[in-house]
Colleague: 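Pasting a structure below so you can have a look.
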Amino acid sequence: QPAIKWFVCPCLCLTLQSDLNSFLWTIKRNPPSYFYGTIHVPYTRVWDFIPENSKKAFQESNMVYLELDLTDPYTISALTSCQLLPQGGTLQDVLPRDIYGRLKRHLEYVKLMMPFWMTPDQRGKGLYADYLFNAIAGNWERKRPVWVMLMVNSLTEADIKTRGVPVLDLYLAQEAERMRKRTGAVEKVEEQCHPLNGLNFSQVIFALNQTLVQQESVRAGSLQGSYTTEDLIKHYNCGDLNSIIFNHDTSQVPSFNNVTLRPSEQITAQEIDSYFRQELIYKRNDRMGNRVKALMEEHPDNSFFFAFGAGQ
């Protein structure tokens, strides 16, 4: 008889692991297939809270499909090239001088602070601050402003402390390969990348400026983030399908709409939020749903485990 696992869960409740809410949906067919909602955080922060029925479904499925094939070197190189400015351009060429100067100062601050942000566990695994900074922010002067905005948004103390452990979806991909399951993806890199590159220049400058304002306020001690990775992990481990929290994580795009903005700025923020919701949630869901249906029709005798972002 296996030992019963109890957890004091982040929702301040003593609970059986088997009673935890699950982000698993069963597709009723023979054999059954599954949808599983993932989260883009180190798997070690959530793995113990994932109920056994979800782990069992993963083990019993013989085909594992993610949004992108994260173990394919082409995927990584395509993502990298998609983020670069065309014709060898640099950020200094395209950004207003004041924003470029603020961006440079903020990245210098991050580089200075990174050794203090890293955990003893990270250092014990051989991670060096300079290596980590270059892995995240290397070549930043060649990147399109929208990708620099996302990069700045992730260069926080809380996020740096989680680097070095595979995020949940990558861990599932690695485990699937180790278990010799067939793996695949339902999206192409370009389909995730092009919507971000589709924002117009004034929207991108607004978004980058707002991101810098937020980070500068955090540095000055006058602002806490509107949501944190810790909040995200807590909601996930409690099985809470809170759409506001999860839509942040799904799109990897911060929300710019807040009460401190002037009316004209609020309109720009709403346009950006609406654009991303349309491109990165509604259109994606439709496209991915059609591909899932086609895959299952093509392979009626296989059990699929589809692992997609929980905010979808």
Colleague: Under 3.5 Å, is there a donor-acceptor pair between the side chain of Tyr275 and the main chain of Pro195?
Modeller: yes
Colleague: So, does Thr80 use its side chain to make a donor-acceptor pair with the main chain of Ile76 at under 3.5 Å?
Modeller: yes
Colleague: Does the plane of the ring in Phe304 sit parallel, tilted or perpendicular to the ring in Phe306? Use 30° and 60° as the thresholds.
Modeller: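 Because their plane-to-plane angle is under 30°, the rings of Phe304 and Phe306 count as parallel.
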Colleague: Cluster question for you: counting only ILVMFWY and a side-chain heavy-atom cut-off of under 4.5 Å, with indirect links fine, are Phe201 and Leu150 together?
Modeller: yes
Colleague: What about Tyr36 and Trp25, are their ring centers closer than 6.0 Å?
Modeller: no
Colleague: Do the side chain of Glu187 and the main chain of Gln192 share a donor and acceptor less than 3.5 angstrom apart?
Modeller: no
Colleague: Do the charged groups of Glu52 and Lys56 touch, with an N to O distance under 4.0 Å?
Modeller: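 No.
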Colleague: Asn209 and Thr211: side-chain donor and acceptor closer than 3.5 Å?
Modeller: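 Their side chains do not contain a donor-acceptor pair, so the 3.5 Å distance test is not met.
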Colleague: For the residue pair Phe305 and Tyr34, categorise the inter-ring angle as parallel (less than 30°), tilted (30 to 60°) or perpendicular (more than 60°).
Modeller: tilted
Colleague: Looking only at atom types and distance, does a side-chain atom of Glu191 sit under 3.5 Å from a main-chain N or O of Lys188, one as donor and one as acceptor?
Modeller: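 Between the backbone of Lys188 and the side chain of Glu191 there is a qualifying donor-acceptor contact (under 3.5 Å).
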Colleague: Is it true that a side-chain atom of Ser274 and a backbone atom of Gln270 form a donor plus acceptor pair closer than 3.5 Å?
Modeller: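 Absent.
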Colleague: Is there a donor-acceptor pair closer than 3.5 Å between any side-chain N or O of Asn200 and the backbone N or O of Gln203?
Modeller: yes
Colleague: Is Arg123 close enough and on-axis enough to Tyr128, meaning under 6.0 Å and within 45°, for cation-pi?
Modeller: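 Ring-cation test returns no.
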Colleague: Do Asn302 and Arg182 get their side chains close enough for a donor-acceptor pair, meaning under 3.5 Å?
Modeller: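 Their side chains do not contain a donor-acceptor pair, so the 3.5 Å distance test is not met.
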Colleague: Salt-bridge test for Lys293 and Glu297: reply yes if a basic N is under 4.0 Å from a carboxylate O, no otherwise.
Modeller: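 So Lys293 pairs with Glu297 through a salt bridge.
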Colleague: If only side-chain N and O atoms count, and only distance matters, is there a donor-acceptor pair under 3.5 Å linking Thr119 with Asp121?
Modeller: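 There is no such pair (donor and acceptor under 3.5 Å, judged by atom type) between the side chains of Asp121 and Thr119.
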Colleague: Does a side-chain heavy-atom distance below 4.5 Å link Leu168 with Arg45?
Modeller: no
Colleague: Do Tyr236 and Phe23 have ring centroids that are under 6.0 Å from one another?
Modeller: yes
Colleague: Are Leu24 and Phe35 side-chain neighbours, meaning at least one heavy-atom pair lies under 4.5 Å?
Modeller: no
Colleague: Look only at the side chain of Thr75 and the backbone of Leu70, and say whether a donor-acceptor pair between them is shorter than 3.5 Å.
Modeller: no
Colleague: Do Leu103 and Trp140 come close enough that some side-chain heavy atom pair is under 4.5 Å?
Modeller: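 Yes; the side chains approach each other to less than 4.5 Å.
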Colleague: Check whether Asp93 reaches the backbone of Thr90 with its side chain - one donor and one acceptor, N or O, closer than 3.5 Å.
Modeller: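 Yes, the answer is positive, given that a donor and an acceptor are paired below the 3.5 Å cut-off.
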Colleague: So, Thr71 and Glu177: side-chain donor and acceptor under 3.5 Å apart, yes or no?
Modeller: yes
Colleague: Can a donor-acceptor pair be found, under 3.5 Å and without considering hydrogens, that links the side chain of Arg144 to the backbone of Leu84?
Modeller: yes
Colleague: How about NZ on Lys181, more than 12 heavy atoms from neighbouring residues, nucleotides or ligands closer than 6.0 Å, or not?
Modeller: yes
Colleague: Check Glu108 with Arg105, please: is the shortest side-chain N to carboxylate O separation under 4.0 Å?
Modeller: no
Colleague: Would you say Arg102's side chain and Leu212's backbone share a donor-acceptor pair under 3.5 angstrom?
Modeller: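 Not confirmed, Arg102 side chain does not pair with Leu212 backbone.
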Colleague: Give a yes or no on this: more than 12 heavy atoms of other residues, nucleotides or ligands lie within 6.0 Å of atom OH of Tyr131.
Modeller: no
Colleague: For the residue pair Tyr65 and Arg291, establish whether any side-chain heavy-atom pair is separated by less than 4.5 Å.
Modeller: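 Of all side-chain heavy-atom pairs linking Arg291 with Tyr65, none is under 4.5 Å.
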Colleague: Is a side-chain donor-acceptor pair under 3.5 Å present for Gln92 with Glu141?
Modeller: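 Not at all, the side chains of Glu141 and Gln92 share no donor-acceptor pair under 3.5 Å.
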Colleague: Just verifying a value: how many Å separate Ser303 OG and Arg29 CZ, rounded to the nearest 0.5 Å?
Modeller: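 That separation rounds to 7.5 Å.
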Colleague: Would you say that Trp47 contacts Lys55 through its side chain, given a criterion of any heavy-atom pair below 4.5 Å between the two side chains?
Modeller: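 Yes, at least one pair of side-chain atoms sits under 4.5 Å.
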